[in-house]
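Single-structure report; data block below.
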There are 2 protein chains.
Amino acid sequence: MSEQQLYELHASICQTLANPKRLEIITHLRDGEKTVGELTEAMQISQANLSQHLALMRQKGIVVSRREGLNIYYRLSNPKIIKACDLMRQVLLENLESGAVLVETARA
Amino acid sequence: MSEQQLYELHASICQTLANPKRLEIITHLRDGEKTVGELTEAMQISQANLSQHLALMRQKGIVVSRREGLNIYYRLSNPKIIKACDLMRQVLLENLESGAVLVETARA
DNA sequence: AAACTACATTCAAACATTAGAATATTCAAT
DNA sequence: ATTGAATATTCTAATGTTTGAATGTAGTTT
């Protein structure tokens with residue numbers, strides 16, 4: 001496994017976190033597993049679109065799922081994901097406080 | 001500032017980290033500031049493209065720069081960025097070990 | 001087995017990102 | 001003022017991402 005490949009995989013994980021809805025999913029899974037239905041109710045998103053995001057996160061190893069009857073439960077694959085997200089949010093908040101970042105509706 | 005906006009800004013930071021060359025830049029800046037020239041030499045990348053990446057990282061508050069004569073020095077804006085990257089790399093490595101992720105040339 | 005519930009997949013249009021090529025800017029030295 | 005060195009910007013083609021709409025699948029109930 002080359003350094004290059006590691007950087008690509010690492011970037012691929014970041015890419016998976018680089019979406020507001022997916023970050024919100026992570027927040028909802030922070031305290032334990034949830035079904036797709038629960039997530040759909042808790043979030044402002046269509047079931048189909050939620051499923052798309054979950055599929056991507058599953059592919060990248062961010063979440064894992066298990067079926068129980070009709071329901072499918074999702075959970076984070078690794079608690080370090082929460083830590084990483086928290087750290088990035090801290091960076092964000094500190095940048096906001098120091099006025100280092102203009103709030104340009106997020107994507108400029 | 002709404003939750004939504006925070007998720008968007010957070011996603012925007014992740015997006016900025018979601019590129020192999022930019023992650024490599026972060027690695028090179030891990031132990032202190034470097035000039036654009038030093039980075040260009042250390043990496044397999046054109047000066048123009050490096051400059052594009054640095055401009056993006058500057059906009060998002062990931063790096064800051066200062067000029068000294070002809071050279072421009074870049075450094076990470078916040079050491080927590082290193083911590084966050086390290087955590088994500090740990091998640092990646094643990095996923096690889098558990099075989100939870102297929103190495104599909106990174107982007108599938 | 002038909003109908004239902006919960007979830008997933010596929011397709012396509014809109015939109016965003018990437019990197020090379022060319023060009024511009026900034027500062028320093030002469 | 002010109003030249004040279006270091007870095008930045010602009011443009012553009014190729015590629016990747018996102019989302020709604022439509023449809024598919026797996027398990028359950030009757």
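Here is the naming used below: chain letters follow the sequence lines, and residue numbers restart at 1 for every chain. On a predicted model such as this, the values are computed, not experimentally measured, just so you know.
- Rounded to a whole Å, the NZ atom of A:Lys21 is 14 Å from the C1' atom of D:dG20.
- Residues B:Glu94 and A:Ser77 form no side-chain contact, since every pair of their non-hydrogen atoms from C-beta on lies 4.5 Å or further apart.
- Interface remark: the A:Gln47 side chain does not form any donor-acceptor pair with the C:dA6 base, using a distance-only criterion of under 3.5 Å.
- For A:Arg22, a side-chain nitrogen or oxygen approaches OP1 or OP2 of D:dT18 to under 4.0 Å.
- A:Tyr73 comes within contact range of no nucleotide atom at all, as no heavy-atom separation falls under 4.0 Å.
- Between the side chain of B:Arg22 and the backbone N or O of B:His53, no donor-acceptor pair lies under 3.5 Å.
- Residue-environment remark: NZ (A:Lys83) stays at or below the threshold of 12 foreign heavy atoms within 6.0 Å.
- For the pair A:Leu50 CG and D:dT19 P, the computed distance is 11 Å after rounding to whole Å.
- The distance between atom CG of B:Leu56 and atom C1' of C:dA16, rounded to the nearest whole Å, is 12 Å.
- A donor N or O paired with an acceptor N or O is found under 3.5 Å between the base of C:dT10 and the side-chain atoms of A:Gln52.
- Atoms CE (B:Met57) and C1' (D:dT7) sit 16 Å apart, rounded to a whole Å.
- Within residues 23-45 of chain A, no residue has any heavy atom under 4.0 Å from DNA chain D.
- Residue B:Gln15 has its side chain nearest to C:dT18 when only C:dT18, C:dA21, C:dA8 are considered.
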Ignoring hydrogens and angles, write down the donor-acceptor pairs under 3.5 Å from the side chains of residues 64-73 of chain B, residues two or more places apart or on other chains.
unit_1: B:Arg66; atom_1: NE; unit_2: B:Glu33; atom_2: OE1; d: 3.0
unit_1: B:Arg66; atom_1: NE; unit_2: B:Glu33; atom_2: OE2; d: 3.4
unit_1: B:Arg66; atom_1: NH1; unit_2: B:Glu68; atom_2: OE1; d: 2.7
unit_1: B:Arg66; atom_1: NH2; unit_2: B:Glu33; atom_2: OE2; d: 2.5
unit_1: B:Arg66; atom_1: NH2; unit_2: B:Glu68; atom_2: OE1; d: 3.2
unit_1: B:Arg67; atom_1: NH1; unit_2: B:Gly69; atom_2: O; d: 3.0

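- Between A:Asn19 atom CG and D:dT19 atom C1' the separation is 10 Å, expressed in whole Å.
- Using a 4.0 Å heavy-atom distance criterion, A:Ile72 is classed as a sugar-phosphate-only contact.
- With B:Thr40 contributing its side chain and B:Val36 its backbone, the two residues share a donor-acceptor pair below 3.5 Å.
- We find that CZ of A:Arg66 is positioned 17 Å from C1' of D:dA26, with the value rounded to whole Å.
- Here B:Tyr74 does not reach the OP1 or OP2 of D:dA6: none of its side-chain N or O atoms lies under 4.0 Å away.
- Here the straight-line distance linking atom CG of A:Leu87 with atom CG of A:Leu92 works out to 12.5 Å at 0.5 Å rounding.
- Here the nucleotide nearest the side chain of B:Asn49, chosen from D:dG27, C:dT26, C:dG20, is C:dG20.
- Residue A:Gln59 contributes atom CD, which lies 11 Å from atom C1' of C:dT9 at whole-angstrom precision.
- Taking 4.0 angstrom as the limit, B:His53 places a side-chain polar atom (N or O) nearer than this to OP1 or OP2 of C:dA19.
- Distance CG (B:Leu17) to C1' (C:dT18): 16 Å, rounded to an integer number of Å.
- With hydrogens and angles ignored, the 3.5 Å screen pairs no side-chain donor or acceptor of B:Lys60 with any backbone N or O of B:Leu9.
- Across all strands, A:Asn71 comes closer than 4.0 Å only to sugar-phosphate atoms, never to a base (heavy-atom distances).
- When distances run from any side-chain atom of B:Leu70 to the nucleotides D:dG4, D:dT17, C:dA19, the shortest one goes to D:dG4.
- Considering every non-hydrogen atom in both A:Leu6 and B:Arg89, the closest pair reads CD1-NH1, 3.7 Å.
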